[in-house]
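A short write-up of the structure that comes next.
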Amino acid sequence: MAHAEPAPNALLPDLGPLRQQYRADKAALLADLGVQGSSTRGVHKALQQLSRLTDQTLRQLWSLANIGPDASLVAVGGFGRGELFPYSDVDVLVLLPDGSSPDTDAALKARLEGFIGACWDLGLEIGSSVRTAADCVEEASKDVTVQTSLLECRLIAGSKNAFARLVSQLAEAMDPKAFFVAKTLEMRQRHNKFENTPYALEPNCKESPGGLRDLQIILWVSKAAGLGRSWDELARKGLATPLEARQIKANEALLSLIRARLHLLAHRREDRLVFDLQTAVAESFGFKAQLPAAGAPSTRGARRASEALMKRYYWAAKAVTQLNQILLLNIHERLQSDEPGVDRLRPLNERFYDKGGMLEVASDNLYLQQPHAILETFHLYQTTVGIKGLSARTLRALYNARPLMNARFRADPVNRARFMQILEEPEGITHAMRLMNQTSVLGRYLWVFRHIVGQMQHDLFHVYTVDQHILMVLRNMRRFFIAEHSHEYPFCSQLAAGWDKPWILYIAALFHDIAKGRGGDHSELGARDVRTFCHQHGIGREDTHLIQFLVEQHLTMSRMAQKEDLSDPEVIAAFAKRVGNERYLTALYLLTVADIRGTSPKVWNAWKGKLLEDLYRYTLRALGGRAPDPGAVIEARKREALSMLALHAVPHLAHKDLWDTLDVSYFMRHQADEIAWHTRVLSRQIAQQKLADAKATAKRDPAAEAPEAVDKCIVRARISPDVEGLQVLVYASDQSDLFARICGYFDSSHFSILDARVHTTRNGHALDTFQVVAPDMSEHYRELIAMVENNLAQTIDERGPLPTPTKGRLSRRVKSFPVTPRVDLRPDDKAQRWLLSVSASDRAGLLYCITRVLARYDIGVQLAKVTTLGERVEDTFLISGPQLQMNRRQIELETELLETLEG
């Protein structure tokens, strides 16, 4: 006789005693966890006890629900680790036998609904999934998040055999290398979301860089690779030193306690150290506010309780960031160790090697024997093409060399000269300074900088600590000098193009807020600090005076633009008198824009930009200066191009229609002879198009057609003026796969692309210039040019499917010294366009393979910088497309690009 199945809520009447017992036991555990004090000794035990209490309750509910003898209840995700935070979700998997499904079994569905309903009734915030083992393996193969959640699965109740089979199948399906790549890409995306800094004023202690998630990812990838499941096991296997394991455990305990206290104080799942909770959390740790010292200025010596907590949090997050990098590098090396030839050492000098794109010290005690090599590390990182970071060995050596960076080290003339070299290099300054800060070298060399590391700013618009704000301002200043970023703030890029000593502005950026928190006027104190710095580093009197002026007056222009009447001639005259000349005005304007942009992504707006630009122009006029638009270098380049056009009898103003469609980055990245060549080729066609448009408008006939020459793309080629090969110009209506189509033609025609500069004009056309060379470049250039012009134009106009890439052969040198493929995708300041950087071993057709992937994702290339250096390629693309707004599609794109680069 069949028994009647229980209704979904049939269990609920019997839950009263169990509910009361669970809530009482949980309240007692939370009371112990909330005891005031800063000791982290018992935090993991408390979280484990909360997890065990939840396990016990779930087993009782599972038994009452009677799901079936072959089903299992499995803890997954964070709950699977055996630690549960007070208000975290309880993630469980109901593992059914193969062939079972609640969709086809009404009785099973009713029992499952009864079980889940009972969990909620008791106060368990359940996150549940119902799958068979086959479903789990399939879902894990499609989604790395599901794969990660199942990696930490733990049996709570039910069939042990079914659970064991699931674990075995998941392990068999696991590809440790692919999992490592997926998780590191996911981590990079997460870090981008938090501005790549652990120092946000309201950090997420779980998700922000340096948070608990950065520690969890280490254990995930090590478990997947079979390298260890705990910090002690990683230490035993040589992936971490005993000291690193102790530091990880100490910082993990602190972050866990902060997160648990946040949950308790908010009475909900809250992982952000928001301003509203910082003081309460700080007081729960025993921190107290400090009043100003007697007789001191109103702010000197004062400190809020929250500042003490946040200082401790930031130092912990910084340590986690460093340890995360070291251990992930070690795991990556271990995963790559079975691949012959990968990441071989390539000597850079007698002190350093290139190890697969990472800078490796020649010996563990290098810095102890040669302290000068400490700053040389960052100069090499900055200037050596293909170096993307420091190896785990180098990071450890730097950590052990901290005691060497003392007053004597700072006063060493060799070190001072090296630091100035870093500032004066044309590229890589922001990356070098950020890395110096991450490794604690910057604060030990610039002792005044050390005081503001992790220092909060209590105002309504700063979202970064002082040190991170300074580095953001430095980054913004650098971007004014980089062509790939000229679309963000064109006027600043125009002014920067005519500036002769960028390092002056970088020093001003480093020191403008360096005296915050000391009491008194930080602008005046900072001006004294920077004057001392300039004297110690041999900077000339005139340049020192300008740098000191910028630090002392860095707030003036913003204050005047926003608070003064700019239509008042006396206001402008007073400001002009203060700045004195055009050079000082330009420098102060650039620092002001960089400073405001470095406070918060939300602070800068078009209104502030217009006010500052108006003040700049009005003051320039008062100083009697020339109009700055479009910048000295660009202006000179345009004049030279016009002179060349006149020699070719190009009519006066024939260039205007084309040039009006081009932005600053075009003129920054092309020489005068290239601009003149483009103008000669295109000016007539554009004039014809303009005339046709005018006629169509006059006839009120939208269907009026332009001349045939304009309908089709324009391809012109010439012998390269300076190097071997051809320069090829393509002008066509822009389309998402145009760049890929062009690269596909060159690939199929056996041309190698040495350089590509891609621009999108304001009237929706692509203006692309390629530097190409064929393996058998003959003396018959005329025939070769005619072939390229005709065949490439035909390929673009026909719009057929993209051809299959040819299989490029690797050179013997590339096989001996392979380059580890790298992909970096970051949003620009406005998150509308993205910078994609790729690095890999060179091979024929590689650029086409990359652009073919972009075309498949319907991503448009708006600017490209293609660099081939021997066996290595370093390419940068400015791209856009709706797919880039979705995290999952970003990860898929990066994964596919990595697979493409690996060949």
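Note that this is a predicted model, so its numbers are computed, not measured.
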*Check the pair N349, L380 against side chain to side chain contact (heavy atoms under 4.5 Å, CB included), reporting the backbone distance first and the verdict last.*
CA-CA 10 Å; N349 56 34; L380 274 176; 3.7 Å; yes
*Does D614 pair with R617 as a salt bridge, N-O distance under 4.0 Å?*
no
*Say you draw a straight line from CG of N415 to CG of L375; how long is it, rounded to the nearest 0.5 Å?*
5.0 Å
_Can you confirm whether R578 is buried at CZ, in the sense that more than 12 heavy atoms of other residues, nucleotides or ligands lie under 6.0 Å from that atom?_
no
*asked:* Minimum heavy-atom separation for S391 and L329, please, with both atom names.
replied: C-CD1, 3.8 Å
*asked:* Minimum heavy-atom separation for L505 and A587, please, with both atom names.
replied: CD2-CB, 3.6 Å
_Any heavy-atom pair between the side chains of T197 and P209 that's under 4.5 Å?_
no
*asked:* Given Y367, which partner from the list T377, N400, T394 fulfils the side-chain hydrogen bond (donor to acceptor under 3.5 Å, both in side chains) test?
replied: T377
*Pairwise side-chain contact, I507 with L550, heavy-atom cut-off 4.5 Å (strictly under)*: no
*asked:* Centroid separation under 6.0 Å, is that true for the rings of H759 and H487?
replied: no
*asked:* Using every non-hydrogen atom in the two residues, find where H537 and R416 come nearest and quote the distance to one decimal.
replied: CD2-O, 3.5 Å
_For L368, is there any backbone N or O sitting under 3.5 Å from a side-chain donor or acceptor partner on N365?_
no
_Between F511 and F449 (judged by ring centroids, cut-off 6.0 Å), do the two rings come close enough to count as a pair?_
no
*Between the side chains of R346 and Y353, does any donor sit under 3.5 Å from an acceptor?*
no
*Check: N437 main-chain N/O paired with K318 side-chain donor or acceptor under 3.5 Å*: yes
*With a 4.5 Å limit on heavy-atom distance, are the side chains of F352 and E376 in contact?*
yes
*Just how far is it from atom CE of M557 to atom OH of Y589, taken to the nearest 0.5 Å?*
7.0 Å
*Heavy-atom donor-acceptor pair, T532 side chain to R528 backbone, under 3.5 Å*: yes
*Once you round to the nearest 0.5 Å, how far does CG of L825 lie from CH2 of W834?*
5.5 Å
*Any chance you could measure L423, atom CG, to I504, atom CD1, to the nearest 0.5 Å?*
11.5 Å
_Modelled atom types, side-chain donor and acceptor of S720 and Q771, under 3.5 Å_ = yes
*Could you check if a side-chain atom of I675 sits within less than 4.5 angstrom of a side-chain atom of Q671, using non-hydrogen atoms only?*
no
*Beyond-backbone contact of V361 with L390, side-chain heavy atoms, under 4.5 angstrom*: no
_For the backbone of F667 and the side chain of R637, can you confirm whether one donor and one acceptor N or O come within less than 3.5 Å of each other?_
yes
*Which is it for K516 and D521 under the salt bridge (charged side-chain N to carboxylate O under 4.0 Å, His left out) test, yes or no, and what are the steps along the way?*
CA-CA 8 Å; K516 277 198 169 180; D521 187 333; over 6 Å; no
*Taking it one step at a time, do F419 and F378 satisfy side chain to side chain contact (heavy atoms under 4.5 Å, CB included)?*
CA-CA 9 Å; F419 190 76; F378 301 94; over 6 Å; no
*asked:* Apply side chain to side chain contact (heavy atoms under 4.5 Å, CB included) to residues V441 and L435 and explain how you reach the verdict.
replied: CA-CA 8 Å; V441 173; L435 187 58; over 6 Å; no
*Going by heavy atoms in the side chains, are R418 and Q421 under 4.5 Å from each other?*
yes
*Donor-acceptor under 3.5 Å (Q382 side chain, I422 main chain)*: yes
*Hey, could you give me each pair passing salt bridge (charged side-chain N to carboxylate O under 4.0 Å, His left out) that has a residue in residues 493-503? Not counting sequence neighbours.*
D500-R583, K501-D543
_Under 3.5 Å: donor-acceptor pair, side chain of K311, backbone of V453_ = yes
_Whether the side chain of D673 engages the backbone of A676 through a donor-acceptor N/O pair (distance < 3.5 Å, no angle test) should be reported._
no
*Using 4.0 Å as the upper bound for N to carboxylate O, is an ion pair formed by E360 and R351?*
no
*asked:* Using the rule given for side chain to side chain contact (heavy atoms under 4.5 Å, CB included), can you reason through Y445 versus M405, listing the C-alpha separation, both sets of side-chain angles and the distance that settles it, and then say yes or no?
replied: CA-CA 7 Å; Y445 180 77; M405 291 177 268; over 6 Å; no
*Might you confirm whether atom NE2 of H379 has over 12 heavy atoms from other residues, nucleotides or ligands at distances under 6.0 Å?*
yes
_Pair H191, S208 - check side-chain hydrogen bond (donor to acceptor under 3.5 Å, both in side chains), show working._
CA-CA 7 Å; H191 286 183; S208 288; over 6 Å; no
*Checking side chain to side chain contact (heavy atoms under 4.5 Å, CB included) against T430, which of R475, M472, M477, R479 comes through?*
R475
*Does one side chain, of H372 or D412, offer a donor that lies under 3.5 Å from an acceptor on the other?*
yes
*Are the ring centres of F549 and H545 closer than 6.0 Å?*
no
*Just by distance, do the side chain of S665 and the backbone of A483 share a donor-acceptor pair under 3.5 Å?*
no
*Is the CD atom of E427 crowded by more than 12 outside heavy atoms at less than 6.0 Å?*
no
_Using 0.5 Å steps for rounding, measure from the CD1 atom of I452 to the CZ atom of R518._
9.5 Å
_Before you tell me yes or no, could you show the steps for R531 and D529 under salt bridge (charged side-chain N to carboxylate O under 4.0 Å, His left out), namely the whole-Å CA-CA distance, both residues' side-chain angles and the distance that decides it to 0.1 Å?_
CA-CA 5 Å; R531 183 172 65 243; D529 290 338; over 6 Å; no
*Could you tell me if the ring centre of W499 sits under 6.0 Å from that of F481?*
no
*Side chain proximity check, L359 to D354, heavy atoms < 4.5 angstrom*: no
*Which heavy-atom pair separates L555 from S523 by the least distance, and what is that distance?*
CD1-OG, 4.1 Å
*Is a donor on one side and an acceptor on the other found under 3.5 Å between the side chain of H512 and the backbone of A509?*
yes
*Is the backbone of R444 close enough, under 3.5 Å, to the side chain of R410 for a donor and an acceptor to pair up by distance?*
yes
*Flag this pair as yes if the NZ/CZ of R402 is under 6.0 angstrom from the six-membered ring centre of Y399 and inside a 45 degree cone about the axis; otherwise no.*
yes
*Taking all heavy atoms of H554 and all of T592, pick out the closest pair and write down the distance.*
O-OG1, 4.1 Å
*Between Y584 and E542, what is the shortest heavy-atom contact and its length?*
OH-O, 4.2 Å
*With side chains defined as the heavy atoms from C-beta onward, is the minimum distance between I387 and M358 less than 4.5 Å?*
no
*Please round to the nearest 0.5 Å and tell me the distance separating atom CG of L590 and atom OH of Y616.*
7.5 Å
